[in-house]
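These notes are about the structure you will find just below.
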Amino acid sequence: MTSGAPYLLIDAGNSRIKWALMQPDGLPIAAGALAHGGADQPDWPNLPAPGGAWISNVAGEGVAARIAALLDVHWPQLPRTTIRACARQCGVTNSYTTPHALGSDRWAGLIGAHAAFPGEDLLIATFGTATTLEALRADGSFVGGLIAPGWTLMMRSLGEHTAQLPTLDANAARGLLDAGSTPRAERRGPFFATDTPRSLSAGCTLAQAGLIERMWRDVQDEWQVPVRLVASGGAADEVTSALKVPHTRHDSLVLSGLALIAAEHATERDT
């Protein structure tokens, strides 16, 4: 890896590929996203050449091959590191029974969150294809987590496995929430919808919110300290709109974590 050159950071999730080019000091140069299965290309030709690529990929071998092909077109000799979770890295300790079995995106997100909110106990909620929760102590100890179907996956599953319920995609469900919801401050009681699509959309939203609120309260009761709830992911707008507990948005935890992993590697290499 070329010393002082920017890092190319790639977060390949189940729905899309996010990328960022970042200076070693953390200054962002450019960023973008690609949909899976599309023909769109990243805006790389006019960017400075990175010193290396740092990749988190939880989307499988086909996406890995696409990333490799894109890199070969633009920077064929670029060193590439596909990260895996490990026992300890960048100040975070992994309590998983088999540390490398933790998803690389969750691991990088933990590292990014620990650095973004130093000295704080955290519950990290990520709303993607799956909804994941991670409990992270202020000293960097990852206590454990939960995985549940994501908001969109919940709705699709109901449509595909019932005879009379519609199959809603995210865009349709967002429209129903916007059109059918009364602002929380004006509601006199719980939100109950009066047609099936809105019932499904709102029910799945509140199921997500209920999980998050329950675990946030449980972890605070267990730890007896304030816990910051950090929310991110593609469905964060919809779910956080239903939350009745305080939360903080951070939509680049994985990329931030990848940058820290790259920086730690560079430091270790130079010492």
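Any value given below was found using the heavy atoms of this structure, including those in side chains, with hydrogens, waters and symmetry copies removed. Counting from 1, the numbers follow the sequence of the chain as shown.
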Taking the side chain as every heavy atom from C-beta outward, state whether [X] and [Y] have any atom pair closer than 4.5 Å.
{"X": "W19", "Y": "P42", "value": "yes"}
{"X": "W54", "Y": "I10", "value": "no"}
{"X": "L229", "Y": "I212", "value": "yes"}
{"X": "M22", "Y": "L27", "value": "no"}
{"X": "T129", "Y": "P149", "value": "no"}
{"X": "P99", "Y": "W107", "value": "no"}
{"X": "V73", "Y": "L70", "value": "no"}
{"X": "L8", "Y": "W75", "value": "yes"}

Less than 4.0 Å between a side-chain N and a carboxylate O, is that true for R106 and E134? yes
Looking at [atom1] of [X] and [atom2] of [Y], how far apart are the two atoms once the value is rounded to the nearest 0.5 Å?
{"X": "L253", "Y": "F117", "atom1": "CG", "atom2": "CZ", "value": "7.0 Å"}
{"X": "I83", "Y": "Q89", "atom1": "CD1", "atom2": "CD", "value": "6.5 Å"}
{"X": "D40", "Y": "R16", "atom1": "CG", "atom2": "CZ", "value": "11.5 Å"}
{"X": "L158", "Y": "T196", "atom1": "CG", "atom2": "OG1", "value": "11.5 Å"}
{"X": "C90", "Y": "H114", "atom1": "SG", "atom2": "NE2", "value": "9.5 Å"}
{"X": "T152", "Y": "Q208", "atom1": "OG1", "atom2": "CD", "value": "9.0 Å"}

Other residues, nucleotides, ligands: >12 heavy atoms within 6.0 Å of [X] [atom1]:
{"X": "E160", "atom1": "CD", "answer": "yes"}
{"X": "Q164", "atom1": "CD", "answer": "no"}
{"X": "E264", "atom1": "CD", "answer": "yes"}
{"X": "R66", "atom1": "CZ", "answer": "yes"}

Steps toward side-chain hydrogen bond (donor to acceptor under 3.5 Å, both in side chains) verdict (R88, T93): CA-CA 4 Å; R88 181 174 175 82; T93 302; 2.5 Å; yes
Is there a donor-acceptor contact under 3.5 Å from the side chain of [X] to the main chain of [Y]?
{"X": "S56", "Y": "D105", "answer": "yes"}
{"X": "N94", "Y": "C86", "answer": "yes"}
{"X": "T205", "Y": "S201", "answer": "yes"}

In sequence, state the C-alpha distance, the side-chain angles, and the governing distance for L110 and I124, and then conclude on side chain to side chain contact (heavy atoms under 4.5 Å, CB included). CA-CA 8 Å; L110 284 161; I124 305 157; 3.8 Å; yes
Given salt bridge (Lys or Arg N to Asp or Glu O under 4.0 Å), test R80 with D72 step by step and report yes or no. CA-CA 11 Å; R80 305 158 195 189; D72 286 342; 2.7 Å; yes
For W151 and T131, which I'm curious about, is there any donor-acceptor pair between the side chains at under 3.5 Å? no
Sort out for me which residue in V227, V143, V245, V230 forms a side chain to side chain contact (heavy atoms under 4.5 Å, CB included) with L123. V227
If you take all heavy atoms of D237 and T240, which pair is closest and at what distance? O-OG1, 3.4 Å
Identify the heavy atoms of A113 and L122 that sit nearest to each other, and give their distance. O-CD1, 3.6 Å
Give me each pair satisfying ring-ring contact (aromatic ring centres under 6.0 Å, His included) with a member in residues 194-223, each pair once, sequence neighbours excluded. none
R217/D221 under salt bridge (Lys or Arg N to Asp or Glu O under 4.0 Å): CA gap, chis, key distance, verdict: CA-CA 6 Å; R217 292 189 175 98; D221 288 345; over 6 Å; no
Step by step, work out the side chain to side chain contact (heavy atoms under 4.5 Å, CB included) result for T81 and H265. CA-CA 10 Å; T81 301; H265 176 83; 5.7 Å; no
Residues forming a ring-ring contact (aromatic ring centres under 6.0 Å, His included) with H36, sequence neighbours excluded: none
Using salt bridge (charged side-chain N to carboxylate O under 4.0 Å, His left out) as the criterion, list what pairs up with D139, not counting sequence neighbours. none
Worked check of side-chain hydrogen bond (donor to acceptor under 3.5 Å, both in side chains) between T248 and R228: CA-CA 7 Å; T248 302; R228 182 189 292 268; 2.8 Å; yes
Hey, mind stepping through I111 and I261 against side chain to side chain contact (heavy atoms under 4.5 Å, CB included) and telling me if it holds? CA-CA 8 Å; I111 290 170; I261 292 169; 3.8 Å; yes
